[in-house]
Enquirer: 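One structure, pasted below without further comment.
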There are 2 protein chains.
Amino acid sequence: MKRSVATIDVEACCPQVLAGPLSEPEAELLALGFKALADPVRLRLLSLIADAPEGTACSCDLEGPVGKTQSTVSHHLSLLADAGLITKEKLGRWVNCAVVPERVAALRDALGG
Amino acid sequence: MKRSVATIDVEACCPQVLAGPLSEPEAELLALGFKALADPVRLRLLSLIADAPEGTACSCDLEGPVGKTQSTVSHHLSLLADAGLITKEKLGRWVNCAVVPERVAALRDALGG
DNA sequence: TGCATGTATCGACATTTGTCGATACATTGA
DNA sequence: TCAATGTATCGACAAATGTCGATACATGCA
């Protein structure tokens, strides 16, 4: 699976963009994070999950609000999870998604302390 | 010119991603900002410009460090400028680029105050 | 005026990305 | 065990993106 290989190390990901020249690997890694944020559907999914009661949302409850197919929503949620921005926990038939605030904060901090 | 139309309004751009459901237009606008950050070459250009003496860099001095063609660098610089992340000032034969810190900060703040 | 130099644009191309419908997988409940 | 339901994957496709070489544009200098 490409997914697990691509999963991002939250710790070592985020040098400061404006604090000196980025190496190519550093830039590559950082870009992966921002790529995950670079789509309106994913941003809305993030915001909906964060806003859900107890901070978790069933992916089936997200399809309606964003107005996309089940398959498309599933795809975007996988990308967000790959980027470390959310976790997906399987509970019976459902998948509960939760934002990973540390990861969001890490990307924020990369744009300046 | 597509460029001027697409140029982003720094003021009205950046609702908080995690502070409640984003509307589609809000998400669209935010995504434009992150899209500009979602490429390693552009991240490196940003970091190089920020690191340059007096915070400005001639675009001809950036081609070597990032290892890309003049045409490619020009293209990326235009995208960064469209996103409001840098300014380009034409000085004689050269173009001086400077980071727009407020714009970077605005995107950072969208990821949480 | 003509040439050298820095920048932007154009055309082309391969790759990536977002989207969908169809279908496979998994789990619960009857 | 079987059917219903939530999720993931597959295959396909159009659109967007990153890249390059070639070329046009602009500006300063000899």
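Residue numbering restarts at 1 for every chain, and letters A, B, ... go by the order of the sequence lines.
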Enquirer: Establish, with yes or no, whether the OP1 or OP2 oxygen of D:dT17 is under 4.0 angstrom from a side-chain nitrogen or oxygen of B:His75.
Expert: no

Enquirer: In this structure, how many angstroms lie between the P atom of C:dT7 and the CD1 atom of B:Ile86, rounded?
Expert: 12 Å

Enquirer: Round to a whole Å and report the spacing from CG of A:Leu80 to P of D:dT7.
Expert: 15 Å

Enquirer: If you look at every heavy atom in B:Arg103 and B:Ala83, which pair is closest and at what distance?
Expert: NE-O, 2.7 Å

Enquirer: Are any of A:Lys68's side-chain N or O atoms less than 4.0 Å away from OP1 or OP2 of C:dT19?
Expert: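 True: A:Lys68 side-chain N/O within range (under 4.0 Å) of C:dT19 OP1/OP2.
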
Enquirer: May I have the distance from A:Glu28 (atom CD) to C:dT16 (atom P), rounded to whole angstrom?
Expert: 12 Å

Enquirer: side-chain contact (heavy atoms from CB on, under 4.5 Å) with A:Cys58: which residues, sequence neighbours excluded?
Expert: A:Cys60, A:Asp61, A:Trp94, A:Asn96

Enquirer: Given atom CG of A:Leu77 and atom P of D:dG6, what is their separation to the nearest angstrom?
Expert: 15 Å

Enquirer: Does C:dC20 have OP1 or OP2 sitting under 4.0 Å from an N or O in the side chain of A:Thr72?
Expert: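 A:Thr72 to C:dC20 OP1/OP2: side-chain N or O found under 4.0 Å.
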
Enquirer: Give, ordered by number, those residues of residues 48-67 of chain B having at least one heavy-atom distance below 4.0 Å to an atom of DNA chain D; if nothing qualifies, reply none.
Expert: none

Enquirer: Could I get a table of every N or O pair under 3.5 Å where one atom is in the protein and the other is in nucleotides 21-30 of chain D?
Expert:
from	atom 1	to	atom 2	distance (Å)
D:dG21	O6	B:Ser71	OG	2.9

Enquirer: Mind listing the closest non-hydrogen atom pair of A:Leu22 and B:Ser47 along with its distance?
Expert: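 Minimum heavy-atom contact is N-OG, 3.0 Å.
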
Enquirer: Please state how far atom CZ in A:Phe34 lies from atom P in D:dG18, giving the value in whole angstrom units.
Expert: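 Going from A:Phe34 (CZ) to D:dG18 (P), I get 15 Å.
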
Enquirer: Map B:Asn96 and A:Lys35 onto DNA chain C by nearest heavy atom, then report which one ends up closer to the 5' terminus.
Expert: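 Residue closer to the 5' terminus by nearest nucleotide: B:Asn96.
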
Enquirer: Any donor and acceptor pair, going by atom type alone, linking the side chain of B:Ser74 with main-chain N or O of B:Gln70 inside 3.5 Å?
Expert: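 The answer is no, because no donor-acceptor pair under 3.5 Å joins these two groups.
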
Enquirer: Could you pull out all residues at least two apart from A:Leu18 that satisfy side-chain contact (heavy atoms from CB on, under 4.5 Å)?
Expert: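 Listed in chain order: B:Ala50, B:Val99, B:Val104.
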
Enquirer: By the definition side-chain contact (heavy atoms from CB on, under 4.5 Å), identify the one residue from B:Leu37, B:Val66, B:Leu85, B:Leu80 that meets it with B:Arg42.
Expert: B:Leu80

Enquirer: Expressed in angstrom and rounded to an integer, what is the separation of A:His76 atom NE2 from C:dT16 atom C1'?
Expert: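 From A:His76 NE2 to C:dT16 C1': 14 Å.
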
Enquirer: Between B:Leu48 and B:Leu77, is there shared hydrophobic-cluster membership here, with clusters defined by ILVMFWY side-chain heavy atoms closer than 4.5 Å?
Expert: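 Linked, B:Leu48 and B:Leu77 end up in one cluster.
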
Enquirer: Which residues pass the side chain to side chain donor-acceptor pair (under 3.5 Å) test with A:Arg44, sequence neighbours left out?
Expert: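 Scan of A:Arg44 (side chain to side chain donor-acceptor pair (under 3.5 Å), adjacent residues dropped) gives none.
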
Enquirer: What is the distance from CG of A:Leu79 to P of C:dT16, rounded to the nearest Å?
Expert: 14 Å

Enquirer: Who pairs with A:Ala19 by side-chain contact (heavy atoms from CB on, under 4.5 Å), at least two apart in sequence or on another chain?
Expert: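 Here the qualifying residues are A:Gln16.
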
